[in-house]
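First comes the structure, then the notes that go with it.
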Amino acid sequence: MQEISKTYDPNGVEDKWYKVWEEKGCFKPVARDKTKPPYVILMPPPNVTGKLHMGHALDHTVQDILIRFKRMQGHETLWIPGQDHAGIATQAKVEQKIFAEQGKSKHDLGRDKFLEEVWAWKEEYGGHILNQFKKLGDSCDWDYFTFTMDDGPSAAVKRFFVDLFNEGLIYQSDYIINWDPVLQSAISDAEVEHKEAQGKFYHIHYRVKDSNQVLEIATTRPETLFGDTAVAVNPNDDRFEHLIGKSAIIPLSGREVPIIADPHVDMEVGTGCLKVTPGHDFNDYEIGKRCELPIINILNKDGTLNDNAPQVEGLSTKEARKKTVQLLEEANQLVKVEDHTHQVGHSQRSGAVVEPMVSKQWFINTDEMAKRSVSDVETEAMKFVPKGWENTYFSYQKNPRPWCISRQLWWGHQIPVFTCNSCDHQFASEEETPVCVKCNHKEVTQDPDVLDTWFSSGLFPLSTLGWPNPEKMKEKGFDRFYPSNVLVTGFDIIFFWVARMMMMGVKVTDKVPFNDTYIHAIVRDKDGKKMSKSLGNVIDPLELIKETGCDAMRFTLAVSSGYNRNINLDPAKIEGYRNFVNKIWNAFRFISPYLENATDEAIDVADLHHHEKWILSELNDVVKSVTEKFDDYRFDEACSTIYQFVYEKYCSWFIELSKGVLNSNNESLKAQRANVLRYCFRQIVKLLHPVTPFITEELWQFLKREDEDLIVIQEYPKFNTEHVFNSDVQNMEKFIEIVTSIRNLKNTVNISPKEEIEVRLFTDDEGLAKYFYQSRGFLKELAKVKAGKIKDKSIERPAKSVMKATTHTEIFLPLDGVIDINVFVEKLKRDKEKTEKEFQKVDKKLKNPKFMENAPDDIVEKVRAEASEFEEKLKSIENSLENFQ
RNA sequence: GGGCGUUUAGCUCAGCUGGGAGAGCGCUACCCUUACAAGGUAGAUGUCGGCGGUUCGAUCCCGUCAACGCCCACCA
């Protein structure tokens with residue numbers, strides 16, 4: 001056997017195994033256990049502009065754990081990777097590039113040429129993030145890889161659009177939308193971020209026509225007065241009642257507008273008078289609709305003022321605001337200016353201040369789909385984990401608004417709506433160059449706009465499996481793999497993506513697209529701050545992998561993932577788990593020389609040593625628990641269960657206890673011990689594989705039998721009913737307690753741990769006495785004692801000795817050679833005090849008749865047992881103290 | 001303004017249906033003991049945010065207050 005290095009070096013190992021797995025087709029859907037249903041996950045497709053960050057690392061670790069776990073359990077598993085064209089983000093990036101390199105705008109190039117550039121860019125850079133995913137160990141089936149602009153998804157987009165268009169659920173309408181003046185496109189409500197801004201409240205005088213009266217109106221956007229088409233007051237406001245029905249004159253423009261009453265107006269806010277600008281304010285638009293007010297658009301597409309605002313035409317809104325205020329002041333119609341903080345909508349994509357604008361756009365009426373998407377969650381056809389997140393989902397889906405799906409961009413799925421050049425008929429078609437369905441005219445013009453990116457990603461669960469092409473669906477196994485089992489993602493796209501997939505998936509198939517949605521935490525820095533370039537606190541997963549290995553990173557992320565919302569990632573923590581990975585490596589280094597002849601995994605339960613029974617029993621519990629925890633998405637508990645077992649049970653006790661056996665001359669005992677060590681280690685490595693795939697595959701090569709293949713496709717450990725040994729576990733717990741107590745005693749009185757001293761055990765439990773007697777050799781070895789004398793409690797106790805009392809047992813170290821008695825006496829006194837307190841606490845319960853009356857029997861019994869234990873312990877301590885008086 | 005979440009050891013967090021407070025890291029002491037110093041052994045540390053209630057019994061349930069965080073809605 002080759003030399004094994006002292007520390008585990010992940011470099012080289014990781015890439016090597018990933019390549020082997022991929023080449024051998026380990027990630028392909030294969031059912032090794034035909035009785036089990038397939039297990040499918042759809043990967044949230046990263047943006048084509050994306051770069052791997054810790055969020056991906058977490059998201060993918062979770063998905064890969066589930067996929068590897070289910071694969072090992074024998075399920076036919078499929079993890080589908082994909083990529084999103086990310087309309088706005090990508091277009092912006094390429095626009096910047098072309099401008100930097102060629103000094104040209106997209107308009108200079110024209111639509112076709114520009115799109116060629118985008119495709120070229122996608123080919124060059126689009127794959128970067130996917131290669132980075134391989135570094136994470138993602139065991140997805142790359143043959144299923146789908147890009148949202150591929151032919152498949154494009155066909156899905158067209159089919160869905162045309163069907164809904166023909167049902168009348170997709171319609172074109174003038175409506176007030178959020179306009180991004182930088183991107184010069186509509187954006188959806190959800191793409192608007194509200195940020196607090198320092199603004200001003202401008203109080204302006206509006207004259208009332210044919211009267212000396214003026215109305216004082218407060219606004220934060222005085223430049224919009226050019227778009228005013230009414231002044232509104234509350235119908236119950238006595239102050240202005242007499243003015244309703246009259247006209248007001250807009251300052252600067254001189255236009256006359258009606259003074260109307262509308263309940264939206266809050267009498268308490270501002271002056272109680274509202275200027276109504278239906279073209280550029282969401283609420284005003286609603287008022288405008290109710291009162292049939294005209295709409296005046298005062299903005300150009302780039303956000304500058306148009307000729308409806310002649311005095312400020314061509315200026316940006318910011319400049320126009322300044323100029324308007326100046327003009328009002330000159331006209332003596334500006335009353336006062338106040339400071340005012342308010343929320344201003346910004347475009348999530350460009351950062352520009354969003355301008356509400358009325359514009360002709362395409363919408364989907366989602367009312368019915370949203371209702372169904374709510375009931376599907378209420379009936380748990382789709383379950384959120386943790387459950388609390390369904391509130392976020394409901395908050396959107398219970399108040400659906402029309403989804404604006406058109407974007408004034410070039411990069412994306414062009415809207416499949418055509419207008420006949422001859423008869424003006426408008427129709428939707430899946431064909432690229434349809435003829436007019438009404439008059440058969442060959443020349444038709446396609447709507448130039450493209451669809452919202454989420455339109456195609458919302459269809460991804462369908463399109464990645466071939467829908468709507470029947471042949472492709474068969475080829476990709478649509479019937480077997482739809483719906484998928486779980487969607488793993490962050491909370492930020494519950495509405496953007498989860499809700500859309502739910503609506504679209506159910507609309508097409510009448511089935512939810514996935515059964516669970518596991519919402520994982522957000523990765524932050526160790527102080528809980530968001531990782532950002534400007535704060536300089538970003539941890540780059542690729543660098544982290546290079547420094548500490550992928551397995552350590554994955555373990556850290558997994559052990560931090562349960563039902564929590566945040567993960568505060570501390571480098572010290574990662575280092576700790578790196579050490580754990582190394583610990584496993586070294587455990588193997590120790591056992592490996594003994595394994596050469598331990599080729600057989602069969603273990604005859606009847607012949608087992610009690611230590612072997614103990615470790616097998618503990619391992620069995622771990623297997624059971626870990627399996628359950630993975631199924632519950634409790635990666636934190638699953639991982640720490642394995643961690644505790646490997647560290648505390650297997651390494652600290654079982655390996656330590658085995659050293660003597662392995663160095664002895666008893667060949668049959670040695671062989672059996674090697675078998676058990678090997679068996680357990682094989683189980684450990686399998687248990688860990690979903691979390692730490694690389695090191696486990698590397699170690700597996702030394703552990704596998706000749707007829708066994710890679711660990712990726714080995715069977716996951718299962719609970720073994722033959723490996724339940726409760727009494728051996730209880731005895732071992734006692735043994736550990738005694739050894740620890742002896743070490744503790746030595747430590748307390750400053751006896752070197754190495755120094756072998758005499759020890760006497762007293763117990764009133766016959767079974768324990770027997771067990772200790774059998775274990776005296778191990779006691780000697782692990783506690784470093786000379787002789788272990790075991791006696792009945794009733795007889796002879798050493799007069800002068802240090803003592804520690806545990807349940808049913810007293811341990812004495814005779815005093816000869818002991819250095820510091822006072823320290824020990826102090827400790828005894830502290831023990832006494834503590835034990836007294838504990839005793840009083842339970843004793844009080846027992847003396848409380850109400851407790852005795854109301855508490856369930858098993859609790860009372862437990863408390864009674866505790867009380868007698870404390871009492872016994874107390875007596876021992878007091879006895880011992882007396883010896884020193 | 002509406003909603004949600006958090007508050008437990010120095011730090012980061014676990015604690016399932018109420019029944020004697022836990023882990024990791026850090027810290028202290030002693031150890032280079034032949035798998036591992038990325039190690040070993042032992043140890044210390046908590047009015048479980050405040051107040052009130054329900055209960056025989058509350059970290060857990062209810063009410064209330066406080067601090068922090070997030071989301072949504074209002075650009076008058």
Side-chain angles (χ1 to χ4, degrees), chain A residues 4 6-8 194 197 199 201-203 217-221 224 232 264-266 269-277 280-284 340-345 353-356 388-389 391-392 395-396 399 491-492 494-495 522 526-528 548 552 556 559-560 562-570 572-573 575-593 632 634 636-637 640 643-644 651-652 655-656 659 663 739-740 743-748 750 752-754 784 838 841-842 845 848-856 858-860 862-863 866 870:
Chain A
I4 305 170
K6 210 166 165 178
T7 50
Y8 168 63
H194 290 272
F201 237 154
Y202 301 92
H203 290 245
I217 298 182
T219 178
T220 55
R221 295 188 301 163
T224 60
H264 167 74
V265 181
D266 186 334
V269 178
T271 59
C273 282
L274 177 69
K275 61 191 270 310
V276 184
T277 322
H280 298 285
D281 183 284
F282 285 91
N283 291 313
D284 293 5
H340 180 60
T341 49
H342 56 164
Q343 300 285 321
V344 177
V353 173
V354 168
E355 299 293 343
W389 286 112
N391 290 328
T392 303
S395 75
Y396 289 107
N399 306 297
F491 77 89
D492 49 330
I494 286 177
F495 173 68
I522 306 227
K526 71 181 172 69
D527 302 316
T548 50
T556 309
V559 82
S560 311
Y563 294 171
N564 48 331
R565 293 183 169 223
N566 294 305
I567 292 174
N568 295 354
L569 193 61
D570 186 345
K573 194 171 180 180
E575 202 180 300
Y577 291 114
R578 189 269 319 263
N579 295 351
F580 173 62
V581 169
N582 194 50
K583 182 90 180 172
I584 297 164
W585 183 258
N586 275 294
F588 176 71
R589 266 184 81 216
F590 174 76
I591 64 170
S592 87
D632 287 342
R634 289 306 303 249
D636 51 348
E637 293 185 347
S640 55
Y643 181 97
Q644 295 296 337
C651 291
S652 291
I655 287 187
E656 291 306 321
K659 284 178 177 172
N663 289 327
V739 172
T740 307
R743 287 169 174 168
N744 170 300
L745 274 178
K746 287 164 107 178
N747 208 306
T748 312
N750 285 329
S752 158
K754 276 186 297 188
K784 300 285 181 221
E838 282 170 321
K841 207 166 164 184
V842 286
K845 280 192 185 180
N848 179 350
K850 283 185 176 170
F851 171 77
M852 299 305 282
E853 210 175 293
N854 293 313
D858 58 322
I859 296 294
V860 175
K862 211 172 135 193
V863 173
E866 281 164 5
F870 289 139

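Residue numbering restarts at 1 for every chain, and letters A, B, ... go by the order of the sequence lines.
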Scan every strand shown for a Watson-Crick or G-U wobble partner of [N], both distances under 3.5 Å, and answer none if you come up empty.
N     : result
B:U54 : none
B:U12 : B:A23
B:A42 : B:U28

Which nucleotide sits closest to the side chain of [X]: [options]?
X      : options             : answer
A:N582 : B:C56, B:G24, B:C36 : B:C36
A:K6   : B:U12, B:A37, B:C75 : B:A37
A:N744 : B:G15, B:A35, B:G43 : B:G43
A:R589 : B:A23, B:C36, B:C25 : B:C36
A:A855 : B:A14, B:U12, B:G19 : B:G19

Side-chain donor/acceptor contact of [X] with base of [N] under 3.5 Å:
X      : N     : result
A:E656 : B:A35 : yes
A:K583 : B:C36 : yes
A:R578 : B:A38 : yes

Closest non-hydrogen atom pair, A:R578 against A:A552: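 For A:R578 versus A:A552, the nearest heavy atoms are CA-CB, 3.6 Å.
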Enumerate all atom pairs, one protein N or O and one N or O from nucleotides 58-62 of chain B, separated by less than 3.5 Å.
none

First of A:A218 and A:E838 reached from the 5' end of RNA chain B, by closest nucleotide: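 Result of the comparison: A:E838.
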Assign each of A:T7 and A:K275 to its nearest nucleotide of RNA chain B by heavy atoms, then name whichever residue's nucleotide is nearer the 5' end.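 Upstream on the strand: A:T7.
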Starting at NZ of A:K573 and ending at C1' of B:U12, how long is that distance when rounded to a whole Å?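 Distance, rounded to whole Å: 6 Å.
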